[in-house]
Amino acid sequence: MIKNEFEYKLTREKINDFRVELEVLGKQNDMDEIDVELYIEAYMSQIDELQSDMELYEWLTNNRNAEFEIYNVELLPETIVKARIARGISESFIAEKLGINERDYKAAENNGFDTLDSHEIQILIDILDISISEDIEALLRIPMKETLARLAQAGFDLTFYKKKLSFKDPKEESVLGSAFFVQSLLNIFKLPLKTILGDIQLDLGLSKLNTRYKLPKNANQDNLSFYTTYAHHVGEIALKATSHIEPKQIPNNPRHFYIGVLDKYGEFNFENVLRFAWDLGVCILPLNDKGAFHGAFWRIDHRNLIVLKQKLKSKSRWQFDILHELWHAAEEPELDERTVIDFEEIEYNNEEQIANKFAANIILKGNTDKLVRECEKKSNGKIELLKTAVQEVAKENGVSVGGLANYLAHRLSAQGVSWWGVANNLQTGEQEENPLEICRDIFLEYANLEALSDSEQYMLLNAIYEED
């Protein structure tokens, strides 16, 4: 943003310089045509951006009585600068009112006013005649050290959320950073400000998210509720970034789904299944956090969202989970809202078993029951012989070893037998590419990040990129 007349003049000079460069490029005969086009496109983009900055500055200087109102802490720094320009007030005048030198004030503007305390921010708001909501005013005044301590006591994992939410650093000395952080938590958990100002009463039960199945045994309901609510919020941001994608009917017949992938892409594999799901208007969001759940499906305002969390870097396992969640997405298409959370180690009910069989029949080409019988026969019903049996049956029938192992592990889990360790060891030859990275890269192909605010972009990208 242009902040004063000096910057305005510099911007106009930069535009003139870029136009001169464009004229020179237009006369080049010794450069590749494609290179010339790329340079021209880059210069034109720079000119458009600078012209937009000039137009905003001109509008502000010509509208001295413009009204400015703030409902979001994130917008406060930018609004203060806009209001200062519109009111025709110089940086030196503001600096004098704050009792600091002009250089320090300019640095404060450039750093989003993170160095100012609540009293100094209130002086700016008063001088510039900016209206702010009661909630924002309260956020700027509450003692942040005490507030963050109370949030931690109420169960919030502040270390996790500071990393996931705050593109502004919520340090004690940063009033705006801390206020933004607290505002973000309130927005995610749909909590009114009074929960911070008064006694914090959390109501984060999973019933609020319309989850269909009971929790795992010995589960920490608060932890699951906190994380599931966070994941739901990130999912809402993902749907906002992909709002241009239209939902379509999802085939609930395994054969039709399999043929659909082959017809569109010529080969049935993990990446093509993923792209076919996107073709159907399903937003698939990979998260890189441990625990809580390994898969979730939400339908929000008739948009289908699948959230995947799988610690195993196996394309077979990720493919199975995608197809499992797609069965949930295909069910009850007449409903605008629908939710299914697949918690880790949860007891299998009938719907989950149907979803598993749907996924297996696609991966195993409709021969699921036959292959299971062959495995039982080769292993003589002995669990210790099942690993070898799965490898032999998969090879004889030309199907994925990992896919067959995953389905059998699900079946055995429903019977109270854990075979996942063996199944994980059978995900062979699949470690070259990380499926989380493939899911993330394809998501970013479809996502329009420009539709998001800075904080939404930060939160979304922080959720999908791997931790260091």
Side-chain angles (χ1 to χ4, degrees), residues 1-68 70 72 74-96 98 100-116 124 127-128 130 167-169 176-177 241 244 441 444-445 447-458 460-461 465:
M1 182 192 301
I2 299 172
K3 298 177 180 178
N4 50 50
E5 283 295 318
F6 177 72
E7 292 182 3
Y8 179 78
K9 292 177 182 178
L10 282 181
T11 302
R12 186 165 53 194
E13 291 174 4
K14 284 182 182 179
I15 291 176
N16 290 334
D17 290 342
F18 282 135
R19 284 174 175 161
V20 170
E21 292 293 335
L22 284 173
E23 289 181 9
V24 173
L25 280 172
K27 298 176 182 178
Q28 289 286 350
N29 296 318
D30 57 345
M31 287 182 65
D32 183 83
E33 184 177 343
I34 295 179
D35 288 340
V36 171
E37 290 180 0
L38 289 174
Y39 276 112
I40 290 175
E41 184 178 341
Y43 282 133
M44 290 299 297
S45 177
Q46 288 286 330
I47 290 172
D48 289 344
E49 184 176 343
L50 293 175
Q51 283 182 330
S52 178
D53 288 343
M54 288 184 65
E55 289 171 3
L56 174 59
Y57 184 80
E58 290 165 358
W59 185 90
L60 290 170
T61 56
N62 291 322
N63 287 271
R64 298 300 189 195
N65 296 320
E67 295 183 359
F68 296 93
I70 298 173
N72 188 324
E74 182 183 351
L75 302 177
L76 197 149
E78 179 182 326
T79 305
I80 289 176
V81 177
K82 288 181 177 179
R84 181 185 61 73
I85 295 169
R87 306 294 184 240
I89 297 176
S90 67
E91 293 103 319
S92 59
F93 178 85
I94 295 288
E96 182 180 348
L98 293 176
I100 60 178
N101 62 52
E102 183 178 348
R103 183 177 62 183
D104 287 343
Y105 175 75
K106 287 183 177 179
E109 272 198 355
N110 291 332
N111 293 319
F113 300 102
D114 275 349
T115 56
L116 300 189
L124 289 175
I127 291 174
L128 300 173
I130 298 173
F167 73 108
K168 294 180 182 296
D169 189 8
L176 288 183
H244 54 284
D441 293 345
L444 292 174
E445 286 180 24
N448 174 24
L449 298 182
E450 292 183 359
L452 307 176
S453 68
D454 289 344
S455 60
E456 288 172 332
Q457 287 189 35
Y458 183 94
L460 179 61
L461 294 176
Y465 271 89

Report, one line per pair, each donor and acceptor closer than 3.5 Å where one atom sits in a side chain of residues 49-56; sequence neighbours left out.
none

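- Closest approach of Arg87 and Ala66 over heavy atoms only: NH1-O, 2.7 Å.
- The residues Glu5 and Lys9 are annotated as not salt-bridged, no charged nitrogen and carboxylate oxygen being separated by less than 4.0 angstrom.
- Distance OH/Tyr43 to CG/Leu22: 7.5 Å, rounded to 0.5 Å.
- Separating the CG atom in Asp17 from the CD atom in Gln46 is a distance of 12.0 Å, to the nearest 0.5 Å.
- At most 12 non-hydrogen atoms from other residues, nucleotides or ligands lie less than 6.0 angstrom from CG of Asn65.
- The line from CD1 of Ile130 to CD1 of Ile80 is 5.5 Å long, rounded to the nearest 0.5 Å.
- Panel note: side chain Ser45, backbone Glu41; no donor-acceptor pair is recorded below 3.5 Å.
- More than 12 heavy atoms of other shown residues, nucleotides or ligands fall within 6.0 angstrom of atom CD in Glu445.
- Under the 4.5 Å side-chain criterion, counting only non-hydrogen atoms from C-beta, Leu124 is in contact with Phe113.
- Between the CG atom of Leu460 and the CD atom of Glu456 there is a distance of 9.0 Å, given to the nearest 0.5 Å.
- Considering all non-hydrogen atoms of both residues, Thr79 and Leu75 come closest at OG1-O, 2.7 Å.
- A salt bridge is absent between Glu91 and Lys3: the closest approach of a Lys/Arg side-chain nitrogen to an acidic carboxylate oxygen does not fall below 4.0 angstrom.
- Inter-residue side-chain proximity for Asp104 and Thr115 is flagged as unmet; no heavy-atom pair is nearer than 4.5 Å.
- Listed for the Arg84 side chain is no donor-acceptor partner under 3.5 Å among the backbone atoms of Ser90.
- Listed here is the closest heavy atom pair of Gly112 and Leu176: O-CD1, 3.3 Å.
- A distance of 8.5 Å separates CG of Leu452 from CG of Leu461, quoted to the nearest 0.5 Å.
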What verdict does the side chain to side chain contact (heavy atoms under 4.5 Å, CB included) test give for Ile85 and Trp59, after you've listed the backbone C-alpha separation in whole Å, the side-chain angles of each residue and the deciding distance to 0.1 Å? CA-CA 10 Å; Ile85 295 169; Trp59 185 90; over 6 Å; no
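- The side-chain heavy atoms of Leu98 and Tyr105, taken from C-beta on, include a pair separated by under 4.5 Å.
- The structure places CD of Glu96 at 11.0 Å from CD of Glu102, a figure rounded to the nearest 0.5 Å.
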Run the side chain to side chain contact (heavy atoms under 4.5 Å, CB included) test on Tyr458 and Asp454 for me, step by step, so that the C-alpha distance in whole Å, both residues' side-chain angles and the decisive distance to 0.1 Å come before the verdict. CA-CA 6 Å; Tyr458 183 94; Asp454 289 344; over 6 Å; no
